[in-house]
2 protein chains.
Amino acid sequence: MEKRLIITKAQITPSRPDFKVFGVFNPAVIKVKDEYVMLARVAETFAAQNDTQMVIPVYRNHDYVFLKFSKTDPDYDFSDIRVIRNHRQNYLTSISHFRIGRSRDGYNFTFDEKPLLPDSIYEEFGIEDPRITEIDGKYYIAYTAVSEYGINVRLMVTTDFKHFKRLGNIFHFDNKDVVLFPRKINGYYYAYHRPSTSEFGQLDMWVARSTNLIHWGEHKVLTQARIDYTHSVRLGAGAVPHLRADGWLVIYHSADTQNRYHLAALLVDKDDPSKILKRSKAPLITATEPFEKEGLMPEVIFTCGAVFEEDEVKVYYGVCDEKIAVATLTYDEIDRNLGDV
Amino acid sequence: MEKRLIITKAQITPSRPDFKVFGVFNPAVIKVKDEYVMLARVAETFAAQNDTQMVIPVYRNHDYVFLKFSKTDPDYDFSDIRVIRNHRQNYLTSISHFRIGRSRDGYNFTFDEKPLLPDSIYEEFGIEDPRITEIDGKYYIAYTAVSEYGINVRLMVTTDFKHFKRLGNIFHFDNKDVVLFPRKINGYYYAYHRPSTSEFGQLDMWVARSTNLIHWGEHKVLTQARIDYTHSVRLGAGAVPHLRADGWLVIYHSADTQNRYHLAALLVDKDDPSKILKRSKAPLITATEPFEKEGLMPEVIFTCGAVFEEDEVKVYYGVCDEKIAVATLTYDEIDRNLGDV
């Protein structure tokens, strides 16, 4: 496996002169003919903060508005750099949008200046963690949207990566980490998803199916957080599944109680994505390099997309919630990592 | 408005000799020809508890099994009579199933001995709070299922209230309070639902739609918890909506920070259940009677069904999580309670 840090926030222009880029991470990547197209999550903050108040941007009615919080207000908890907490409503300190990058080699990306901004009451706190699935020549983007209405998963579609049509909330709050399978299986579209909070359940991966990509149901647990080789407390689908002769290859993330992430793989049944045939015997990709261990959220490695080339797999992943790397693996490396369930 | 307490746990036979009935509440009710059919939630506990351990039944592989918890185990919190809490997995102290009652007058119900039991890995901690919607001559029952996989909403269907076919999880965890509309509207089935927990969102009522009752999407917020006439912190749909000339009449519940409930009404657009035309100016039904103020969970009044007669509405509701009452209202009383939005 070769790992390369390929994108840092220094190369991303803020979407406004009064913003600064907090991080560029968790990118979807898809190969369109000979070009690698990336949809990266860019998190920005209002640049001119001071010691007594925090200003956060939210996107409302097609423009940014700014909410101001006094840092001495006892009703609000500012201890998490990413979230302002209140008993009734939490807020994000940054707001994310998407930026399109293009590359010929899969490593050197040039980004469009034009941001793909939030554009819905369900996206007021930002859009995050996209996954691109090509289905019948169209590119469907499942993404996480945060607002005062919770963390919903929404869908948009494009044919040219210039015009994007929103198709609404496909999963209600709280849900994240939705990946769509790239073709119908016996008449049904499939998705993996990760409901996010529960008094009773855990943070597991689920499977759902649909006849039209818009309406989803028949929710089933796919796999629970594992505690065998790692004290995993939450899982989530990562890259869009890749069809091989022996089944669908799935790369997902897992995090432990200390918020240390790793990536792992599943091989699931060709005809039934709810049936696991093989799974990683050990973490497939872990934080080993200095650039993975040092950063805003150390040891967070989070994939939203991989490119399955003829003889190798490029796994793109967000690192420490602030930068982007790619790990290149051979299929043999992945197969040796897989064991019987 | 006339209120009558009609059912208490004394008249429900436990489903097993070693169980005792903890409560009978939150019933769905539908009129089938001249008969009122009730599907009541019956919560039971294992009868022979002692001071040192708590035994709770769960339903697994078509039979009850018993989990035992030492009351001195510091990993578990027994302070809530209804829930055993642990940092990783909560358990319910009781397990609920459904029981069918029948009545000629809508007040005096005779219950079948035969219980409708949990029957899925998603129902191991019980099935709760059913709503019956008649669609094209079939009775669809949306209900809450609790398990180690969270609080999911599931669907079953029957034509005779003897044989029930399960149709799977229609909403992922956490969700509750799902009611299906009784007919398609411009080609779509509609449901109200209430996602239950979020870091960002609140406990609001949402609307979703479907083409087949199984797969749901296009989730939109219907109405947020209100803080004008009551400090409401959560809402949820109650009775199945009733079509009138001026729109759909919706009766729902609302609870405040002290867990005091009331019932209120909405009038929503005939062609678009996401559009509210009128809403209650004040609580429609509140806890006023001693039987509503005294009980396991005082002032909990929770409806899962109403019968819309020619000249009056019978609103059935669970009281204090342990008994069942009916409030009979005239349409005039409801209309006087509704005001412009």
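Residue numbering restarts at 1 for every chain, and letters A, B, ... go by the order of the sequence lines. Just so it is clear, the values below take in all heavy atoms, side chains as well, and ignore hydrogens, waters and symmetry mates.
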**OP:** Tell me, yes or no, whether the heavy-atom count around B:Asn61 atom CG, taken from other residues, nucleotides or ligands under 6.0 Å, exceeds 12.
**Re:** no

Original post:
So how far is it from B:Asn169 CG to A:Lys220 NZ, rounded to the nearest 0.5 Å?
Top reply: 9.5 Å

Subject >> Residues which pass side chain to side chain contact (heavy atoms under 4.5 Å, CB included) with B:Leu203, listed by chain and number, not counting sequence neighbours >> reply: B:Arg194, B:Arg234

**OP:** Assess whether atom CD1 of B:Ile81 is packed by more than 12 heavy atoms of other residues, nucleotides or ligands within 6.0 Å.
**Re:** no

**OP:** Counting only heavy atoms closer than 4.5 Å, note whether B:Phe125 contacts chain A via side chain, backbone, both or neither.
**Re:** side chain

**OP:** Identify which part of B:Tyr188 has an atom lying under 4.5 Å from any heavy atom of chain A, answering side chain, backbone, both or neither.
**Re:** side chain

**OP:** Grab the two heavy atoms, one from B:Phe200 and one from A:Asn90, that are nearest each other, plus how far apart they are.
**Re:** CD2-O, 3.3 Å

Subject >> Sub-4.5 Å side-chain heavy-atom contact between A:His219 and B:Tyr122 >> reply: no

Original post:
Does atom CG of A:Asp136 have more than 12 heavy-atom neighbours from other groups under 6.0 Å away?
Top reply: no

Subject >> Residues from residues 151-158 of chain A approaching chain B under 4.5 Å (heavy atoms) >> reply: A:Ile151, A:Asn152

**OP:** Identify which part of A:Leu92 has an atom lying under 4.5 Å from any heavy atom of chain B, answering side chain, backbone, both or neither.
**Re:** both

Original post:
In chain order, what residues pass the side chain to side chain contact (heavy atoms under 4.5 Å, CB included) check against A:Asp119, with sequence neighbours excluded?
Top reply: A:His62, A:Glu123, A:Arg166

**OP:** Would you name the heavy atoms of B:Glu218 and A:Ile214 that are closest together and state the gap between them?
**Re:** CG-CG2, 3.6 Å

Original post:
Given that the side chain runs from C-beta out, which part of B:Val221 has a heavy atom under 4.5 Å from chain A: side chain, backbone, both or neither?
Top reply: both

**OP:** Measure the spacing between CD of B:Glu148 and CG of A:Asp204 and express it to the nearest 0.5 Å.
**Re:** 8.5 Å

**OP:** Could you tell me which of B:Arg209, B:Gln202, B:Gln89 has the largest number of non-hydrogen atom pairs under 4.5 Å with chain A?
**Re:** B:Gln202

Original post:
Contact part of B:Trp216 toward chain A, heavy-atom cut-off under 4.5 Å: side chain, backbone, both or neither?
Top reply: both

Original post:
Should the ring pair A:His172 and B:Phe171 be called parallel, tilted or perpendicular, given that the plane angle runs from 0 to 90° and is split at 30 and 60?
Top reply: tilted

**OP:** Go through the atoms of B:Ile170 and report whether side chain, backbone, both or neither lie under 4.5 Å from a heavy atom of chain A.
**Re:** backbone

Original post:
Less than 4.5 Å apart, any side-chain heavy atom of B:Gln224 and any of A:Tyr149?
Top reply: yes

Original post:
Does anything in residues 173-181 of chain A get under 4.5 Å of chain B by heavy atoms, and if so which residues?
Top reply: A:Phe173, A:Asp174, A:Asn175

